[in-house]
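Residue numbers start from 1 in every chain, and the chains themselves are labelled A, B, ... in the order their sequence lines are given, proteins ahead of strands.
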Amino acid sequence: MRAGRANVGWSVRGFLLYALALPLLPALLLELDGGGVLTTAALAIAIALFVVAALSVRHGTRRQRERAMSRFHRSNTHSLTWVGCAAVAAACVITQWLVNDRSVAFALAFGAGGFLATYLSYGSMWLRSLPEPADGYSSDEIVDALATAEQKVHDLQKVYVRLPHGELRRRLKDLVNKSFDLLHTIEQEPHMLRRSRKYLNVFLPGVHKVAGTYLASRDQGADPAFDERFKSILEKTSRAIDEQTTQRGNQIAFDLDVQMAVLRQQLDEELRP
Amino acid sequence: MPTESNPTALRAGRLARKIWRRAAGFVLLCIVVGMTTCSALDHVRDNALSRAQAEGERS
């Protein structure tokens with residue numbers, strides 16, 4: 001499952017890397033006109049590395065902004081940070097060593113400086129951790145499932161806002177609140193994802209689809225009998241979430257019972273004269 | 001009220017650290033990468049001038 005792309009607007013972050021690499025373009029043109037092959041190749045590679053770094057940073061920033069718009073969406077952008085830092089470091093080393101004819105140690109020092117500078121500028125914002133993998137699901141799968149479901153619940157929220165006050169609106173609002181509660185529970189206890197997959201993969205998308213069609217047909221003055229049927233669907237879906245919550249409560253009670261029994265047995269054995 | 005229990009002070013501290021970190025990164029990036037690329041252009045330009053001069057002397 002993949003979360004829907006949010007409209008996060010445009011950002012200038014990462015353009016500094018393009019701007020700082022600009023002097024390499026006239027240098028490449030000058031080298032192309034009778035310069036050495038090695039220097040020309042080094043300049044071309046350095047430019048490509050700066051472009052890779054800027055693209056990584058911009059892509060990471062975009063994901064970060066998408067993530068900020070959602071409670072659950074957490075993209076793993078650590079790899080993008082390291083790609084950006086490594087690309088800047090490599091570009092600095094290559095340019096200093098092969099173009100500026102500096103010593104390897106000097107070039108490496110500049111590479112380290114470039115790595116640190118890129119990390120400080122762009123890396124520190126991507127350090128939010130992902131949830132632990134659980135029950136056969138990877139962290140990314142958990143986050144994607146939550147983000148996709150969250151998007152659908154947000155859509156349902158938009159539907160109930162457009163409905164007139166009454167029983168139907170109240171039920172849909174109740175379903176939205178319960179769905180958010182369930183998503184928060186799954187976030188805290190990722191092993192709940194497997195138990196809730198029927199709701200997340202079947203019921204929620206179904207209600208989401210029906211709600212969209214219902215709203216469209218309602219705007220065109222459809223049969224009021226649909227109101228009752230939709231109300232019934234909402235009630236059943238709400239009951240499905242309640243069952244999930246009850247099952248979770250039973251599981252917690254069972255776990256507590258087992259833990260207490262084990263502890264009591266240990267204490268009895270320890271305190272036996 | 002101690003700083004540890006004041007959420008506003010904590011947020012302000014985090015924000016100040018973030019701004020400081022980004023500013024340091026920005027300055028370092030400008031110095032390191034700017035120096036590298038500008039000196040590369042300078043170096044290449046010098047080489048091109050030397051080549052042109054040598055060609056002129058030959059002709």
Side-chain angles (χ1 to χ4, degrees), chain A residues 13-14 16-36 39-40 42-43 46-47 49-50 53-54 57 84-85 88-89 91-102 106-107 109-125 127, chain B:
Chain A
R13 267 180 89 75
L16 180 67
L17 289 169
Y18 286 123
L20 288 171
L22 272 181
L24 295 182
L25 282 176
L28 179 65
L29 291 176
L30 281 171
E31 276 300 300
L32 281 172
D33 183 27
T39 317
T40 312
L43 280 168
I47 290 169
L49 285 169
F50 276 121
V57 164
C85 294
V88 170
C92 286
V93 170
I94 287 172
T95 312
Q96 288 288 2
W97 182 35
L98 298 175
V99 180
N100 298 354
D101 293 332
R102 301 283 190 173
F106 187 90
F110 263 75
F115 190 97
L116 182 66
T118 314
Y119 182 74
L120 286 175
S121 292
Y122 304 112
S124 54
M125 55 189 267
L127 293 177
Chain B
M1 193 181 272
T3 313
E4 288 78 18
S5 59
N6 187 344
T8 314
L10 276 174
R11 269 200 297 274
R14 268 202 295 268
L15 185 66
R17 276 198 299 276
K18 189 173 162 184
I19 290 171
W20 161 244
R21 201 170 166 157
R22 293 242 178 111
F26 176 81
V27 172
L28 194 61
L29 198 65
C30 287
I31 291 171
V32 173
V33 180
M35 262 179 75
T36 303
T37 54
C38 290
S39 64
L41 176 60
D42 207 31
H43 196 79
V44 168
R45 198 187 55 198
D46 286 348
N47 284 351
L49 279 173
S50 307
R51 276 200 308 272
Q53 215 168 7
E55 237 171 72
E57 280 171 11
R58 265 205 306 276
S59 61

Exam field: side chain B/Thr36 to backbone A/Cys92, donor-acceptor pair closer than 3.5 Å
no

Counting N and O atoms only, with roles assigned by atom type, does the side chain of B/His43 sit under 3.5 Å from a partner on the main chain of A/Asp101, one being a donor and the other an acceptor?
no

Closest non-hydrogen atom pair, [X] against [Y]:
X       : Y        : value
A/Thr95 : B/Ala40  : CG2-CB, 3.5 Å
A/Ala27 : B/Leu41  : N-CD1, 3.5 Å
B/Ser39 : A/Asn100 : OG-ND2, 2.8 Å

At a heavy-atom separation under 4.5 Å, does B/Ala48 approach chain A through its side chain, its backbone, both, or neither?
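The side chain, not the backbone.
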
Measure distances from B/Arg45 to the heavy atoms of chain A and classify the residue's part below 4.5 Å as side chain, backbone, both or neither.
both

I'd like to know which of A/Leu17, A/Thr118, A/Leu116, A/Leu16 tops the heavy-atom pair count under 4.5 Å against chain B.
A/Leu16

How long is the span from the OG1 atom in B/Thr37 to the CD1 atom in A/Ile47, to the nearest 0.5 Å?
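Result: 10.0 Å between the selected atoms.
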
When rounded to the nearest 0.5 angstrom, what is the spacing between CG in B/Leu29 and CG in A/Leu120?
9.5 Å

Between A/Leu43 and chain B, with a heavy-atom cut-off of 4.5 Å, which part of the residue counts as in contact: side chain, backbone, both or neither?
side chain

Among B/Asn47, B/Val27, B/Val44, which has the most heavy-atom pairs under 4.5 Å with chain A?
B/Val44

